[in-house]
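Starting off with a structure, shown below.
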Amino acid sequence: MVKDIKKIVLSYSGGLDTSIILKWLQETYKCEVVTFTADLGQGEELEPARAKAEMLGIKDIRIVDVREEFVRDFVFPMFRANTVYEGQYLLGSSIARPLIAKHLVRIAQEVGADAISHGATGKGNDQVRFELTVNALDPSIKVIAPWREWNIQSRTHLIEYAERNQIPVPKDKRGEAPFSIDANLLHTSSEGKVLEDPADIAPDYVYQRTVDPVDAPNVPEIITIGFETGDAVSLNGVKLSPATLLTRLNELGGKHGVGRIDLVENRFLGMKSRGVYETPGGTILLAAHRGIESITLDRGAAHLKDEIMPRYAELIYNGFWYAPEREMLQALIDWSQTHVAGEVTVKLHKGSVSVIARSSPNSLYSMDLVTFEEGSGSYDHHDAEGFIKLNGLRLKTLAARSQKLGN
Ligand code: ARG
C-alpha cells in the first residue's frame, strides 16, 4: 500500500460504494480528496452526487459532461473498425474507461494531486483499463484501488462501515444488490449475483433500456443514417452532434427491442464471466456502418479491416487504448474511412435491425459490371474462363496426386 499521499482525485459516482471509498480514503490517507464525476449519459441525475460529496466534506467537486467527447473521440473511432469483442460484445464499458482515466489524470495535474483512485473491484477488467491509462498518460501518478486494499469483504461489512461514518444507506441498498450495473451512452451492462450462473436464464428485470422484442411495436420503423468519413452525422436528413445522434438511436433501438445480448466472455484476468448487455443505438450504428462500407470500401481494404478488427477489439477490451499498437491500427482504420460517406436506410422491427438500402456519392458499386442484362462491354465473360482455369490449376494438380495415391 502506498503511503504519504498528499492529494487524491477519486472517480466518484455518488453511489454508496464510491461514497464509502471516499470516506475510507480520507481516513486512511488523511489528505484532501477531489471528486470527479463524469456525465457519460448514464441516465442518472448528477446533482445528488455533488450534494453527497459536499456532505462528506469535499471542497473541490468536478462534475463534467463528457458525452460529446465520449462519442466523438472514443465510440466513433471504435465503430469505424466495426469493433466487436469475441463476436458479440460491443465494448460499452471498455471504451469508457480510458476517457474517465484521462480526465482523472488531467484533474490530478491541474490540482497537483499525486494519486488517483477508483471503485473498480479486484477481479474485473475495469481496474486494468483505468490503471493502464494512468500509466500511459502520467507515470508519476499513483493509483489507489481500495477494493484491493481494504479489509471490507462483505456487503454487511460495507453497510456497517457506512453507518458508522454517517453515510446514508438507501433502503434498497441494505440487502445484496441483485447484480452490478455499468451504464453510459453506449450501453448498459449487468453482471454478477443473479446472473452469475450462465445456466440460469436472466430475469426480465435485468433489462433497463430496451423493451422485450415480443412487446415491441408490430409496425417496423424505417430510418436513414448519413455518414461522412466513416462517422454517422445525420438521422433522417437532419445533422446531429455525435452524442445527440447516439441518444436518438438509443431511443429508437430501445423502443424496438434492438441490441440485447446475453453472453459469456473471457476477461483479461483469466476468468470467464456472464454478462447481459443492452446496446440499442450501437447495434443500429454497427449495422448501418457495415452497410455504407459495403458500397464504399474496396474488397482488399474491407477484408484487411476485418482481419485486424479482433486484435483491435482485444486491445480495447484489455485496456490498451493508449498503446502504440492501438494507435497504429487506428491510423490504418481511419485512413480506410476517407470515402466512407453516404446514406443507409435501416429497418427496425421486433429486436432486429436490417439494412434495406444504401447509397453514396463515392460508391464503388457498378450496376454496369454486375448486371444480369447486357452491360456496356467493359467486362468480357471470356476473361472469367481463364481466371477460373488459372485459379483451378493447383487444385487440379492436388486432385490428380490424390487420385494417383488413392487418398
Ligand atoms: N464485462 C464488461 C467489461 O469488462 C463490463 C464491466 C462492467 N460492468 C459491470 N456491470 N460492472 O467490459
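Numbering of ligands and ligand atoms starts at 1, following listing order.
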Any protein N/O atoms within less than 3.5 Å of an N/O atom in ligand 1? List the atom names and distances, or say none.
residue: ligand 1; atom: 1 (N); partner: Glu191; partner atom: OE1; Å: 3.0
residue: ligand 1; atom: 1 (N); partner: Glu265; partner atom: OE2; Å: 2.7
residue: ligand 1; atom: 1 (N); partner: Tyr277; partner atom: OH; Å: 3.1
residue: ligand 1; atom: 4 (O); partner: Asn125; partner atom: ND2; Å: 2.8
residue: ligand 1; atom: 4 (O); partner: Arg129; partner atom: NH1; Å: 3.2
residue: ligand 1; atom: 4 (O); partner: Arg129; partner atom: NH2; Å: 2.9
residue: ligand 1; atom: 8 (N); partner: Ser189; partner atom: OG; Å: 2.8
residue: ligand 1; atom: 10 (N); partner: Ser180; partner atom: O; Å: 2.9
residue: ligand 1; atom: 10 (N); partner: Ser180; partner atom: OG; Å: 3.2
residue: ligand 1; atom: 10 (N); partner: Ser189; partner atom: O; Å: 3.4
residue: ligand 1; atom: 10 (N); partner: Ser189; partner atom: OG; Å: 3.1
residue: ligand 1; atom: 11 (N); partner: Ser180; partner atom: OG; Å: 2.8
residue: ligand 1; atom: 12 (O); partner: Tyr89; partner atom: OH; Å: 2.6
residue: ligand 1; atom: 12 (O); partner: Ser94; partner atom: OG; Å: 3.3
residue: ligand 1; atom: 12 (O); partner: Arg129; partner atom: NH1; Å: 2.9
residue: ligand 1; atom: 12 (O); partner: Arg129; partner atom: NH2; Å: 3.0

Return the orientation label for the Tyr277 and Tyr89 ring planes: parallel under 30°, perpendicular over 60°, tilted otherwise.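 Parallel.
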Are the side chains of Met78 and Ser94 in contact, using a 4.5 Å heavy-atom criterion?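 They are not in side-chain contact.
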Among Leu40, Val71, Val75, Asp39, find the one that has a side chain to side chain contact (heavy atoms under 4.5 Å, CB included) with Leu185. Val71
Taking Asp60 first and then Arg62, would you say they form a salt bridge - that is, a charged N and a carboxylate O separated by under 4.0 Å? yes
So Trp24 and Tyr29, would you call those rings parallel, tilted or perpendicular, with 30° and 60° as cut-offs?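 It falls in the perpendicular class, over 60°.
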Parallel, tilted or perpendicular, judged at 30° and 60°: which one describes the rings of His103 and Phe36?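 The rings of His103 and Phe36 lie parallel, inter-plane angle below 30°.
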